[in-house]
Amino acid sequence: MVRGTLSEAVGAREGATGLTAGRVRYFGPHRVHRVTNRGVEPAVSVHVYTPRLTVMHTYRVEGRVLVRIGTERAGVDW
């Protein structure tokens, strides 16, 4: 986190963790998380991927299950 505060929900779990400026999160390739700015002030976060990100999946939470609803490809969709 560079500035502001974001709320992070992991997987299909309910509840969220507050991420504030200076906070760093590390995780592997199979982690699904959703970050949201619930405040009125702008927030800035930096996401760095290694190895480089080639696809990104989007999900919908249905109860306690994640349902994949889309896939975007680097160089094609963004």
Side-chain angles (χ1 to χ4, degrees):
M1 283 298 304
V2 177
R3 182 178 66 191
T5 301
L6 293 176
S7 176
E8 177 190 44
V10 177
R13 288 187 285 172
E14 292 184 21
T17 301
L19 302 175
T20 56
R23 181 89 184 261
V24 176
R25 302 279 286 166
Y26 300 97
F27 48 84
H30 300 292
R31 182 182 180 112
V32 175
H33 74 138
R34 179 176 61 252
V35 291
T36 306
N37 184 353
R38 298 189 186 277
V40 295
E41 297 297 320
V44 177
S45 65
V46 177
H47 292 217
V48 178
Y49 300 93
T50 185
R52 70 185 184 90
L53 192 63
T54 58
V55 296
M56 183 181 301
H57 303 294
T58 53
Y59 298 85
R60 176 179 62 239
V61 178
E62 289 186 3
R64 301 184 133 221
V65 176
L66 292 173
V67 177
R68 189 164 73 192
I69 59 172
T71 300
E72 297 179 351
R73 295 166 293 161
V76 176
D77 301 306
W78 40 268

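Two residues are said to be in side-chain contact when any heavy atoms from C-beta on lie closer than 4.5 Å; Leu66 and Val61 meet this criterion.
Here the straight-line distance linking atom CG of Leu6 with atom OG1 of Thr36 works out to 8.0 Å at 0.5 Å rounding. Atoms NE2 and CG, from His33 and Leu19 in turn, are 9.0 Å apart once rounded to the nearest 0.5 Å. Rounding to the nearest 0.5 Å places CZ of Arg68 at 13.0 Å from CZ of Arg60. Note: Arg3 CZ to Met1 CE = 9.5 Å, rounded to the nearest 0.5 Å. Here Thr58 contributes atom OG1 and Met56 contributes atom CE; the two are 9.5 Å apart, rounded to the nearest 0.5 Å.
Among all heavy-atom pairs drawn from Ala16 and Ser7, the shortest one is CB-OG, 3.0 Å.
Salt bridge absent: Glu8 and Arg34 never bring a charged side-chain N and a carboxylate O closer than 4.0 Å.
Residue-environment remark: CZ (Arg31) exceeds the threshold of 12 foreign heavy atoms within 6.0 Å. Within a 6.0 Å radius of CD in Glu14, other residues, nucleotides and ligands contribute 12 heavy atoms or fewer.
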Side-chain donor-acceptor pairs of residues 69-78 under 3.5 Å, sequence neighbours excluded:
residue, atom, partner, partner atom, Å
Thr71, OG1, His57, ND1, 2.9
Glu72, OE1, Trp78, NE1, 3.3
Asp77, OD2, Arg73, N, 2.7

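Residue Val46 is not grouped with residue Leu53 when hydrophobic side chains (ILVMFWY) are merged at heavy-atom distances under 4.5 angstrom, including chains of intermediate members.
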